[in-house]
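Counting starts at 1 for both ligands and their atoms, following the listed order. Numbering starts at 1 and runs along the sequence shown.
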Amino acid sequence: MIFRDLHKNIVWENEKESIYKKNESDVEQALKNNKRDLEDFKALISPAAAPYLETMANLSNKLTMKRFGKTVQMYIPIYLSNECSNHCVYCGFNHANKIDRITLNDEQILAEMEVVKSYGFQHVLLVTGEHKTKAGVEYLKHAIQLLKPHFSLISLEVQPLETEEYKILAEEGLNTVYVYQETYNKLNYNNYHPKGKKADFNYRLETPDRLGNAGVHKIGLGVLLGLEDWRTDTFFTALHLKYLEKNYWKTKYSISFPRLRPHEGGFVPNHNLTERELVQLICAYRIFDEEVELSISVRESPKFRDNCIKFGITSMSAGSKTEPGGYTANNKALKQFMEDDQRTPSEIMQMIKQQGYEVVWKDWDKFLQ
Ligand code: SF4
C-alpha cells in the first residue's frame, strides 16, 4: 500500500466536518495527552482551540526546547531556472505568463554561490520551475556536482522525479527534497493545476513514497495555505506525515507553511488564514509531532518571523531572492513571489541571537549518514 491508497478512502468533506465539530473538551484532552493522534491534531487546529492559543504556544515552546534546544537552522534558496511547463494559476512562473525565462549556466550558478557563501550559509536549497528538458535530472545532477564542494547540505525544490532519479541525485549528495502537494483536495486540485505534468494529482501524491524508497535523507511536506480550507488540508498533511514516518522510519521530515498572499500574481486566495491562525497551526504541528522540523520562509513579515521562533519554528530562510540570478543581478520581473521579509542574513542572525537562540549554519555532513 502507498499513500495514494490511503488517501482515496478518506473523504475530504467528512474530515472537514469532524474538525469543525471538535469542542473545548476535545482540545483540553489533546493538550493533556502524553501521546497524541490525528484526532488530537484535528482538535488543535479546530476553531474550538482558538481560545487556547497561549496554552498551546507555551506547550509548543516547551516541546521544541526539549528536542531542539534554543537553535534555529538557516538555509537560503538559489533559484536556478524559472522555466516551467505547468499552469498553476497562483504562480508567476506559470507557463502562460509572458516573462523572460532563464536557466543559469555554470558560471552564473557559481557566481550565485559566491554571494550566498559570503553570507555564511552551509545549507542551500536549489529551486527550479518544473521543466523536464530545461531543468531535468541531468541539469540538477550537474548543479549538485558543481555546488557540493561548497556546501554541507543541498536540498531541492523541483519537479517530482522517479525513484531511480532520486537515487542518482542522492548519490551525488542530495540531502533533502521539498515537495508540496499544494492541496489534498483531489476534486478541486485541477482548478489550480489545469495543464502540464503537475495536473496529475496522483503522480504528485506518490512522490514522497518514491523519495522514501530512494532513501533520500529528509522529505519536506506542505500545502499552499489559502487554496482550500487550511484546516482540512493540514489534517491531510499530518496524515501523510504519520504514514511516511511509519513506513520510512529512517527518513527525517520537515513541514513548511507557504501562505498564499492576496497580492501574489493577481490570484485571490479562497481561504485566507490569519497570522493568529498560522501560529495556531505551527503550535498544533509541534504538539502533535515533537520530532518534525518546522520551517518558515521569507513570505512572512519580519514581525511574524521574529515572534514565531518561540512557537516551534526550527528552520528559517534569510536574505532569499526568488528569481534566477537574484543574488548577482537584481531583476524583479523574474521573481516567483515578493519576499515580505527583505532583511539581510546578518540582520536575521542578529534578531535570532537577541532572542537568546543559537544560529545553526551547519548541522549535517554526509559522513553522518
Ligand atoms: S508553482 Fe511550480 S510548477 Fe507551478 S507554475 Fe510555479 S514553478 Fe511551475
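Side-chain atoms of Glu157 and Pro77, non-hydrogen and from C-beta on, never get closer than 4.5 Å to each other. Glu24 places none of its side-chain heavy atoms less than 4.5 Å from the side chain of Asp26. With contacts defined as side-chain heavy-atom distances shorter than 4.5 Å, the pair Ile255/Glu293 does not qualify.
In this structure, the ring of His7 has its center less than 6.0 angstrom from the ring center of Phe236. Under the 6.0 Å cut-off for aromatic ring centres, Tyr189 and Tyr184 do not qualify, their centroids lying 6.0 Å or more apart. Tyr90 has its ring centre less than 6.0 Å from the ring centre of His193.
At a threshold of 2.8 Å, atom 8 (Fe) of ligand 1 has no backbone or side-chain N, O or S atom of His95 nearer than that distance. For Cys91, the nearest N, O or S atom to atom 6 (Fe) of ligand 1 falls under 2.8 Å.
Within ligand 1, counting atoms from 1 as listed, the ones closer than 4.0 Å to a heavy atom of Asn94 are 5 (S). Interface atoms of ligand 1 facing Glu130, defined by a heavy-atom separation under 4.0 Å, are 3 (S). Close approach of ligand 1 to Gly129 is summarised as follows: ligand atoms under 4.0 Å from at least one heavy atom of the residue are 7 (S).
Among protein heavy atoms, atom 2 (Fe) of ligand 1 sits closest to Lys198 NZ, 4.0 Å. In terms of protein heavy-atom proximity, atom 3 (S) of ligand 1 is closest to Asn86 ND2, 3.4 Å. At the shortest separation from atom 4 (Fe) of ligand 1 among protein heavy atoms lies Cys88 SG, 2.2 Å. In this structure, atom 8 (Fe) of ligand 1 lies nearest to the protein heavy atom Cys84 SG, 2.2 Å.
Looking at Gln159 against ligand 1, nothing comes within 4.0 Å, counting heavy atoms.
Judged purely by distance below 3.5 Å, without hydrogens or angles, the side chains of Asn188 and Glu228 pair a donor atom with an acceptor atom.
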